[in-house]
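Keep in mind it's a predicted model, so treat the numbers as computed, not measured. Start at 1 and go down the list; that is how both ligands and their atoms are numbered.
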Amino acid sequence: MSLAICPGSFDPITLGHLNIIRRTAQIFDDVVVCIMYNSTKTKPMFTIEERVEMVKKVVAKYPNVTVETSSGLLAEYAKKFDNPVIVKGMRAASDFEYEFQMNLINKKINPQLETMFLTASEKYTFLSSSVVREMASYDADLTGFVPCEIIDEIEKKAKLWRR
Ligand code: PNS
């Protein structure tokens with residue numbers, strides 16, 4: 001059985017993330033979406049628990065996708081699976097440097113761990129969670145940016161969340 005881990009902070013999940021998860025689920029037998037802390041992102045919009053609920057809602061239609069969370073290192077978390085592969089989306093050259101560094105650090109900690117990159121679908125190359133948070137904070141229409149099931153929740157949260 002092949003297994004992929006799609007890690008990320010998902011604050012919140014976007015249609016770009018969902019596109020990567022869906023395509024990963026077509027390639028691997030099982031996919032675990034792991035919601036994790038990114039220590040460089042210091043002003044979260046959603047708690048980890050809220051993100052888990054939103055991600056669960058939007059991946060419910062994919063039978064081989066499950067959602068977990070971990071507060072530890074990705075490379076350590078991956079050790080609980082048998083030959084897992086980390087799958088991440090790559091939007092543009094600007095993503096490459098960071099992702100390449102993460103891949104090398106993960107390999108140092110867990111040499112067996114492989115990382116694969118899926119190129120983002122062209123229509124989502126502009127999209128990121130930070131763009132969504134920014135747009136939401138200006139009450140912009142989020143249609144086409146995030147899954148429709150979670151738009152209301154993001155709009156509600158944006159009213160409480162300060163830029
Ligand atoms: O969606 P993001 O914010 O690009 O995802 C980054 C994430 C959460 C995958 C990354 O920050 C991560 O792996 N966090 C867990 C801690 C860790 O393993 N850090 C890398 C080694 S220092």
Subject >> Proximity to ligand 1 by part of Ile105, non-hydrogen separation under 4.0 Å >> reply: side chain

**OP:** Nearest 0.5 Å please: distance from the NZ atom of Lys159 over to the CD1 atom of Ile154.
**Re:** 12.5 Å

Original post:
Is the closest N or O pair between Glu99 and ligand 1 shorter than 3.5 Å?
Top reply: no

Original post:
Would you call Arg51-Asp11 a salt bridge at under 4.0 Å N-O?
Top reply: yes

Subject >> His17 to ligand 1, any heavy atom closer than 4.0 Å >> reply: no

Original post:
Would you call Glu153 and Lys156 a salt bridge, using N to O less than 4.0 angstrom?
Top reply: no

Original post:
Nearest to atom 12 (C) of ligand 1, what protein heavy atom do you find, and at what distance?
Top reply: Tyr37 O, 4.1 Å

**OP:** Please state whether Gly72 comes within less than 4.0 angstrom of ligand 1, counting heavy atoms only.
**Re:** yes

Subject >> Atoms of ligand 1, numbered as shown, that sit under 4.0 Å from any heavy atom of Met36 >> reply: 8 (C), 15 (C)

**OP:** Apply side-chain contact (heavy atoms from CB on, under 4.5 Å) to Ile151 and Phe145, showing your working.
**Re:** CA-CA 9 Å; Ile151 288 183; Phe145 291 76; over 6 Å; no

Original post:
Looking at atom 10 (C) of ligand 1, what's its closest protein heavy atom, distance included?
Top reply: Tyr98 OH, 4.0 Å

Original post:
Hey, is Tyr77 one of the residues with a heavy atom under 4.0 angstrom from ligand 1?
Top reply: no

Subject >> Ligand-residue contact atoms, ligand 1 with Met102, heavy atoms, under 4.0 Å >> reply: 20 (C)

Original post:
Does the distance from a Lys or Arg side-chain N to an Asp or Glu carboxylate O, for Lys88 and Glu99, drop under 4.0 Å?
Top reply: yes

Original post:
For atom 1 (O) of ligand 1, what's the nearest protein heavy atom and its distance?
Top reply: Ser9 N, 3.0 Å

**OP:** Could you tell me whether Lys43 sits above the aromatic face of Trp161, with NZ or CZ closer than 6.0 angstrom to the six-membered ring centre and within 45 degrees of the axis?
**Re:** yes

**OP:** Could you list which atoms of ligand 1 come closer than 4.0 Å to a heavy atom of Asn38?
**Re:** 2 (P), 3 (O), 6 (C), 11 (O)

**OP:** Considering heavy atoms of the protein only, find what lies nearest to atom 13 (O) of ligand 1 and give residue, atom and distance to 0.1 Å.
**Re:** Leu74 CB, 3.6 Å

**OP:** Apply side-chain contact (heavy atoms from CB on, under 4.5 Å) to the pair Phe96 and Gln101, showing each step before the final yes or no.
**Re:** CA-CA 8 Å; Phe96 179 77; Gln101 185 189 21; over 6 Å; no

**OP:** Around atom 4 (O) of ligand 1, find the nearest protein heavy atom and jot down its residue, atom name and distance.
**Re:** Lys88 NZ, 3.6 Å

Subject >> Rounded distance (nearest 0.5 Å) linking atom CD1 of Ile48 with atom CZ of Phe10 >> reply: 10.5 Å

Original post:
Do Glu149 and Lys56 meet the salt-bridge criterion of a basic N to acidic O distance under 4.0 Å?
Top reply: no

**OP:** May I ask you to identify the nearest protein heavy atom to atom 19 (N) of ligand 1, giving residue, atom name and distance to one decimal place in Å?
**Re:** Leu73 CD2, 4.1 Å

